[in-house]
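Following: one structure in structure tokens, then a few remarks.
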Amino acid sequence: MSDYHPQDLDQKWQQRWNDAQAFEVVEDPSKPKFYCLEMFAYPSGHAHVGHVRNYIIGDVVARLKRLQGFNVLHPFGWDAFGLPAENAAIKGGIHPETSTLANIAHMKGQLQRLGISYAWGRELATCLPDYYRWNQWLFTRMFERGLAYRRRSTVNWCPSCQTVLANEQVVDGACWRCGSLVVEKDLEQWFFKITAYADDLLAGADGLTSWPEKVLTMQRNWIGRSEGARVRFAIEGEPDGVEVFTTRIDTIYGATFLTLAPEHPLVPRLAERTGRADVLTEAQRYRAQDRTARMSGEAGKEGVFTGAYAVNPFSGERVPIWVANFVLGEYGTGAVMGVPHGDQRDFEFARKYGLEVRAVIRAADGTVPDPAAMTEAHGDEGTVVNSGAYDGMTSAEARRRMTADAEARGFGTGSVQFRLKDWGISRQRYWGTPIPMIHCPVDGVVPVPDDQLPVVLPKVTEFTGRGDSPLAHVPEFVHVTCPKCGGPARRETDTMDTFVDSSWYFYRFADAHNDRLPFDPAAVKYWGPVDFYSGGVEHAILHLIYSRFFARVFRDLGMIDHSEPFTHLLTQGMVLKDGNVMSKSKGNVVDPDTMLQKVGADALRTYVMFVAPPEKEVEWSDAGLDGMFRWLARVWRVADQWREAALAAPPIDAATLGREERALRRKTHETIRRVTADIDVRKQMNTAISAMMELVNEFYLFTEQQKAAPTAQAAAVAREAVEALVRLVSPFAPHTAEELWEAYGHTGGLAAASWPVVDDAAAQAEEVVIPVQVNGKVRARLTVAPDIADADLETLALADAAVVPHLAGKTVRKVVVAKGRLVSVVVG
RNA sequence: GCGAAAGUGGCGGAACUGGCAGACGCGCCGGACUUAGGAUCCGGUAGCCGCAAGGCUAUGGGGGUUCGACUCCCCCCUUUCGCACCA
């Protein structure tokens with residue numbers, strides 16, 4: 001064999017895999033399936049090591065599972081619609097399609113040069129009509145079921161990106177992508193009714209036992225389920241009164257005022273009746289605070305009295321109605337009862353405006369706070385006081401009784417509220433899926449019939465970045481005939497949020513070329529759900545909750561038979577450079593191709609996996625990369641040294657092995673056990689690699705010992721070690737592994753190989769070292785048989801020359817023997 | 001403010017169920033081989049005391065439980081992330 005030249009191996013084996021279509025798969029009921037997926041990529045142009053880390057993680061798992069005999073689906077694709085390409089078109093005049101397809105071609109090359117084992121035959125790009133037509137198809141299905149609907153609403157508008165943002169895309173009042181401050185705007189919008197699945201999504205989270213707890217917590221908080229009650233307060237002159245939502249109906253006797261959101265429909269009506277002009281101007285001012293001053297921190301609580309009063313249906317008491325800037329219009333009923341005793345916001349508000357504070361809960365310690373002396377709200381539960389007939393009940397009991405009474409008397413009802421809102425998917429953008437709807441002056445909103453899909457995105461050539469949808473300026477696109485009446489009609493010109501594209505692409509991979517359906521249910525029945533999914537934590541709520549929603553929609557359409565699309569989720573840590581996330585705009589990207597030229601794909605892959613556990617964030621440094629190249633060269637050399645002897649070696653005869661040979665075998669099998677557990681169970685790639693490094697170190701020692709006159713059995717043991725090591729390292733360093741596997745006489749490549757199996761007898765230790773502690777300090781180490789009896793171990797320990805001096809003049813009070821681990825002697 | 005996670009050598013990190021702290025690698029130091037090596041091989045490398053044997057101190061700080069704590073409990077500090085008026 002020649003010296004280690006990884007770049008040659010990269011080329012040779014990538015070519016072979018490609019020629020053999022080595023990673024393409026078909027459904028095979030005779031084999032267990034494994035669906036391994038990494039979050040697909042936005043084709044920004046260049047993959048940096050931060051992206052690449054995720055693909056390597058997935059590839060390690062995919063390659064392991066193949067060797068373990070699974071039928072592995074490991075596909076890749078492109079999240080190819082989106083703002084950056086369109087923004088670039090506005091700036092530089094290159095059509096989004098042109099730049100996107102070029103970026104895809106380049107990034108695909110990068111991934112292939114890394115030797116990621118994708119089934120490229122299933123590659124998809126969401127910007128192509130044969131993908132996005134199924135977005136349209138699904139949209140129509142959802143429209144038919146009332147899951148897609150249209151309403152006018154206040155939306156978040158990014159003045160820089162010129163588009164509507166979902167609430168999730170607004171971070172601290174600013175655009176998640178460009179950081180500009182977000183303003184409000186009123187538009188007709190399409191929504192997906194994700195709230196219909198709020199309870200289902202919440203309940204499903206409990207079953208996701210192989211998801212990081214952190215992600216589940218974020219999702220639960222995002223859904224934000226609250227149990228409480230709606231209660232109607234009467235208002236003079238308003239037949240419907242006003243409804244509030246509360247989780248603490250037990251404190252309703254402490255309600256000394258009522259607050260409305262500035263956008264509440266009653267605000268103008270009450271202002272008109274009471275003739276207070278300042279109410280409207282103030283409400284207007286609060287609305288202007290929204291998203292900016294209000295969200296950015298200390299806007300402070302502000303309110304204005306409307307002059308009107310509402311009647312507490314329980315006590316019959318008249319309470320003043322205020323408008324307050326801290327009440328949210330879009331949550332609950334947009335109106336809140338003010339209970340300063342139990343709610344910190346209400347307390348602050350009451351103190352600021354001199355409203356009454358009334359104590360209605362006796363705390364667990366028996367005290368009732370003095371309202372005049374209170375400095376903060378007391379939100380704890382206790383016993384209800386000053387509450388008429390309910391006095392003396394516990395908070396929980398009072399809630400039950402009051403809710404029941406409110407229902408019986410017709411002014412209230414038990415109610416569950418969610419923080420989760422319906423998903424606004426309309427975008428006034430070009431580079432996305434056209435919404436397949438037609439507005440007819442006669443028939444209203446009519447879906448484009450399925451047989452006319454896809455609604456193809458017209459080739460717009462001029463990108464101005466203006467505020468309305470670019471499609472509205474394409475007359476041949478806009479003007480259509482109504483599918484129902486045949487009269488002139490107008491096409492919807494908004495496109496879909498790109499999160500729609502990414503919410504189901506994992507099902508398309510199961511049947512990527514289907515031209516009758518998004519996928520054949522039978523294909524997803526075989527491949528689904530995804531067994532291992534890895535990607536960045538930044539998708540913990542958006543992408544991962546939308547995908548869970550879509551899975552439920554497909555389920556209810558009868559197309560899939562599971563509810564949860566991803567069984568095991570790994571959230572990969574980001575790769576930082578100089579303390580920052582890598583990004584083109586920051587100019588701190590590390591280009592994998594540069595590393596490939598230096599050390600080859602295998603050293604890069606293995607190093608990226610070695611540097612830290614996958615979930616952990618890491619700071620990139622080139623320093624260790626050369627070390628990994630050296631280690632792979634070490635693997636190469638030891639395999640090379642034994643090759644000739646190994647090929648001629650007889651089978652291992654365990655009974656005739658010498659001490660050194662048994663030691664190497666033991667290490668070999670111990671390493672198989674460790675590496676398998678680390679990758680497969682613990683997903684700790686770094687320690688798997690450490691374990692292999694230990695084996696190689698021991699192997700070098702063995703080689704040195706055997707240098708003089710290696711026996712046939714030594715060669716046999718060496719052969720076993722090399723062949724195990726080659727397969728263990730192959731998920732990380734597949735090119736090197738293939739070459740060595742072939743050099744050891746195997747045909748058909750690793751595709752024909754199987755994962756090594758632990759021989760428990762060979763792995764069994766012959767002797768173990770047991771530390772002996774005296775009063776907590778290690779004083780001796782005993783080398784004994786692993787199955788030694790506790791009593792014998794104790795005797796040996798107490799008689800040991802290094803232990804005896806520490807016992808002199810003292811009494812042995814206690815001896816603890818931890819089986820096979822340690823002896824602890826207590827003296828005093 | 002609320003919630004979660006994490007703090008271990010010069011650096012990245014390991015220690016799985018409470019049982020030898022620092023595996024493995026980077027870096028550094030020394031040696032061998034060499035015309036030479038930034039190649040390769042071997043050895044050393046937490047700190048302090050000691051020629052050595054050995055001893056003492058160490059997992060952010062302080063307490064506790066235990067024969068025994070990086071690991072469990074309480075308080076505090078720092079960092080990172082998430083949520084941030086959701087009634």
Side-chain angles (χ1 to χ4, degrees), chain A residues 3 172 212-215 217-218 221-222 224-226 228 244-248 251 259 261 294-301 324-328 330-339 342-346 348-349 379 417-421 537-538 540-541 573-574 607 610-613 615-628 630-631 633-634 637 674 677-678 681-682 684 686-697 700-701 703-704 769-781 802 813-828:
Chain A
D3 289 346
D172 288 334
E213 200 48 51
K214 175 193 163 94
V215 173
T217 303
M218 284 166 72
N221 292 341
W222 189 257
R225 186 180 198 273
S226 299
V244 300
F245 173 72
T246 178
T247 56
R248 292 297 302 273
T251 64
T259 39
R294 236 171 80 178
M295 301 284 279
S296 63
E298 294 303 308
K301 290 182 177 43
N325 66 342
F326 65 88
V327 180
L328 304 173
E330 68 271 30
Y331 181 79
T333 61
V336 182
M337 65 182 197
V339 183
D343 187 284
Q344 184 61 22
R345 294 159 302 190
D346 295 345
E348 286 170 25
F349 195 75
Q417 283 299 314
F418 293 95
R419 189 180 169 281
L420 181 74
K421 298 180 192 77
V537 239
E538 65 273 22
I541 28 190
M574 286 189 286
Y607 175 64
F610 179 63
V611 73
E615 295 90 343
K616 218 185 131 141
E617 202 165 75
V618 290
E619 170 70 30
W620 177 261
S621 104
D622 294 332
L625 191 58
D626 292 337
M628 192 53 75
R630 288 201 296 269
W631 182 69
R634 238 164 110 77
R637 277 193 300 273
R674 282 173 64 186
D678 282 352
V681 184
R682 300 207 300 158
Q684 285 230 134
N686 55 331
T687 49
I689 296 163
S690 306
M692 289 187 276
M693 287 173 164
E694 285 184 43
L695 172 60
V696 171
N697 289 346
Y700 268 70
L701 189 69
T703 306
E704 188 63 25
V769 176
I770 305 281
V772 182
Q773 292 183 346
V774 180
N775 285 354
K777 293 209 165 77
V778 177
R779 298 298 182 183
R781 291 185 170 81
R813 306 227 179 254
K814 192 172 181 181
V815 178
V816 180
V817 178
K819 190 110 196 122
R821 287 182 183 276
L822 154 147
V823 179
S824 181
V825 183
V826 188
V827 300

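On a predicted model such as this, the values are computed, not experimentally measured, just so you know. The chains referred to below are lettered A, B, ... by the order of the sequence lines, with proteins before strands, and numbering in each begins at 1.
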Identify the pairs formed between an N or O of the protein and an N or O of nucleotides 37-41 of chain B at a distance under 3.5 Å, and give each distance.
unit_1, atom_1, unit_2, atom_2, d
B:U40, O3', A:R637, NH2, 3.0
B:C41, OP1, A:R634, NH1, 2.9
B:C41, OP1, A:R637, NH2, 3.0

Polar pairs (N or O, both sides) under 3.5 Å between protein and nucleotides 48-57 of chain B?
unit_1, atom_1, unit_2, atom_2, d
B:G55, OP1, A:R779, NH1, 3.1
B:C56, OP1, A:R779, NH2, 3.3

Under 3.5 Å between N/O atoms: give me all the protein pairs with nucleotides 6-11 of chain B, atom names plus distance.
none

What nitrogen or oxygen pairs link the protein and nucleotides 58-64 of chain B at under 3.5 Å?
none

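A:N697 has a side-chain polar atom (N or O) that falls below the 4.0 Å cut-off from OP1 or OP2 of B:G25. The phosphate of B:A14 (OP1 or OP2) has a side-chain N or O of A:N686 nearer than 4.0 angstrom. A close approach under 4.0 Å does occur between a side-chain nitrogen or oxygen of A:R682 and OP1 or OP2 of B:A15. A close approach under 4.0 Å does occur between a side-chain nitrogen or oxygen of A:Q684 and OP1 or OP2 of B:A15. Applying the 4.0 Å criterion to OP1 and OP2 of B:A23, one finds that A:T687 has every side-chain N and O outside that range.
For A:W631, the side-chain hydrogen bond (donor to acceptor under 3.5 Å, both in side chains) test picks out no residue, with sequence neighbours left out. Partners of A:D343 by side-chain hydrogen bond (donor to acceptor under 3.5 Å, both in side chains), not counting sequence neighbours, listed by chain and number: A:R345.
For the residue pair A:N697 / A:R634, a side-chain donor-acceptor distance below 3.5 Å is found, with atom types taken as modelled.
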